[in-house]
K.L.:
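Sharing a structure here in structure tokens format.
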Amino acid sequence: MTDSRGVPLRLLIIDDDPSCRTAIAGLLGKLGHTVDATESGSAGLAILRQQPVDLVMTDLSMPGLTGWDVARLVKAMHPRLPVVLVTGSAHAIAPDRPERQFVDAILAKPCGVAALQAVIDPLTRHFATGT
């Protein structure tokens, strides 16, 4: 299974919690996507410098670079690359927070396949339409 249009994607998952990282990567793998998963923002940015990805998902609360930092740096390198912030405290993020400009979506933990797909599909629609 791939995204709702049958397009396999290359996704980068950044989360310092091994169980969350493994769970999200596993769910996305079951959807037919290729997943690179890493434990830190700096390691994720290193992957992004070495190979293209179609979407970045980053945890918010991490030591070193936070999810906000990762999003800002990703957008500096690739302004059109979709970035999803994944957090257990999505409800506490103010809609007018300045850093929101660097994320394309916020996904609440825990999340299942349907929630992942509902966030990824609209952000990657251009792969199916060629736009």
K.L.:
Minimum heavy-atom separation for Val119 to Ala105, with atom names?
P.N.:
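It is CG1-CB, 3.8 Å.
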K.L.:
What's the spacing between Leu11 CG and Thr34 OG1 if we round to 0.5 Å?
P.N.:
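If I round to the nearest 0.5 Å, the distance is 8.0 Å.
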K.L.:
Val35 and Gly29: which non-hydrogen atoms are nearest, and at how many Å?
P.N.:
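Scanning both residues, the minimum pair turns out to be CG2-N, 4.0 Å.
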K.L.:
Please list every donor-acceptor pair under 3.5 Å in which a side-chain atom of residues 17-25 meets a protein atom from a residue at least two apart or in another chain.
P.N.:
unit_1 : atom_1 : unit_2 : atom_2 : d
Asp17  : OD1    : Ser19  : N      : 2.9
Asp17  : OD1    : Ser19  : OG     : 2.7
Asp17  : OD1    : Cys20  : N      : 3.3
Arg21  : NH1    : Asp15  : O      : 2.5
Thr22  : OG1    : Pro18  : O      : 2.8

K.L.:
Do Arg10 and Asp36 have side chains that approach each other closer than 4.5 Å (heavy atoms only, starting at C-beta)?
P.N.:
yes
K.L.:
Is the shortest heavy-atom distance from the side chain of Leu81 to the side chain of Val53 under 4.5 Å?
P.N.:
yes
K.L.:
Kindly indicate whether the side chain of Met57, heavy atoms from C-beta on, has any atom under 4.5 Å from the side chain of Leu28.
P.N.:
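Side-chain contact under 4.5 Å: yes.
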K.L.:
Please examine the side chains of Thr38 and Ile13, heavy atoms only from C-beta on, and report whether any two atoms are closer than 4.5 Å.
P.N.:
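No. Closest side-chain heavy atoms not under 4.5 Å.
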K.L.:
Do you know which two heavy atoms are closest between Ser40 and Ala43, and how far apart they sit?
P.N.:
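Looking at all heavy atoms of both residues, the shortest contact is OG-N, 3.1 Å.
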K.L.:
Rounded to the nearest 0.5 Å, how far does SG of Cys111 lie from CG of Leu116?
P.N.:
4.0 Å
K.L.:
Going from CD1 on Ile14 to CG on Leu48, what distance comes out if it is rounded to the nearest 0.5 angstrom?
P.N.:
8.0 Å
K.L.:
Could you give me the CA-CA distance, side-chain angles and deciding distance for Arg49 and Met77, then say whether side-chain contact (heavy atoms from CB on, under 4.5 Å) is met?
P.N.:
CA-CA 9 Å; Arg49 286 184 194 102; Met77 288 191 292; 4.0 Å; yes
K.L.:
For Leu9, is there any backbone N or O sitting under 3.5 Å from a side-chain donor or acceptor partner on His33?
P.N.:
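Pair found, side chain donor or acceptor close to backbone of Leu9.
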K.L.:
Hey, which of Thr66, Leu73, Val74 is the one that makes side-chain contact (heavy atoms from CB on, under 4.5 Å) with Val70?
P.N.:
Val74
K.L.:
Going from CG on Asp16 to CG on Asp59, what distance comes out if it is rounded to the nearest 0.5 angstrom?
P.N.:
5.5 Å
K.L.:
Between Val84 and Asp104, is there a side-chain heavy-atom distance shorter than 4.5 Å?
P.N.:
no
K.L.:
Testing the basics here: between Gly41 and Leu65, what is the closest heavy-atom pair and its distance to 0.1 Å?
P.N.:
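The answer is C-CD1, 3.8 Å.
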K.L.:
For the atom pair CG (Leu60) and CG (Leu107), what is the distance rounded to the nearest 0.5 Å?
P.N.:
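The CG atom of Leu60 sits 12.5 Å away from the CG atom of Leu107.
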K.L.:
What closest approach, in Å, do Val83 and Phe102 show between heavy atoms, and which atom pair accounts for it?
P.N.:
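Minimum heavy-atom contact is CB-O, 3.8 Å.
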K.L.:
Please examine the side chains of Val103 and Thr58, heavy atoms only from C-beta on, and report whether any two atoms are closer than 4.5 Å.
P.N.:
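Heavy-atom side-chain distance check fails, nothing below 4.5 Å.
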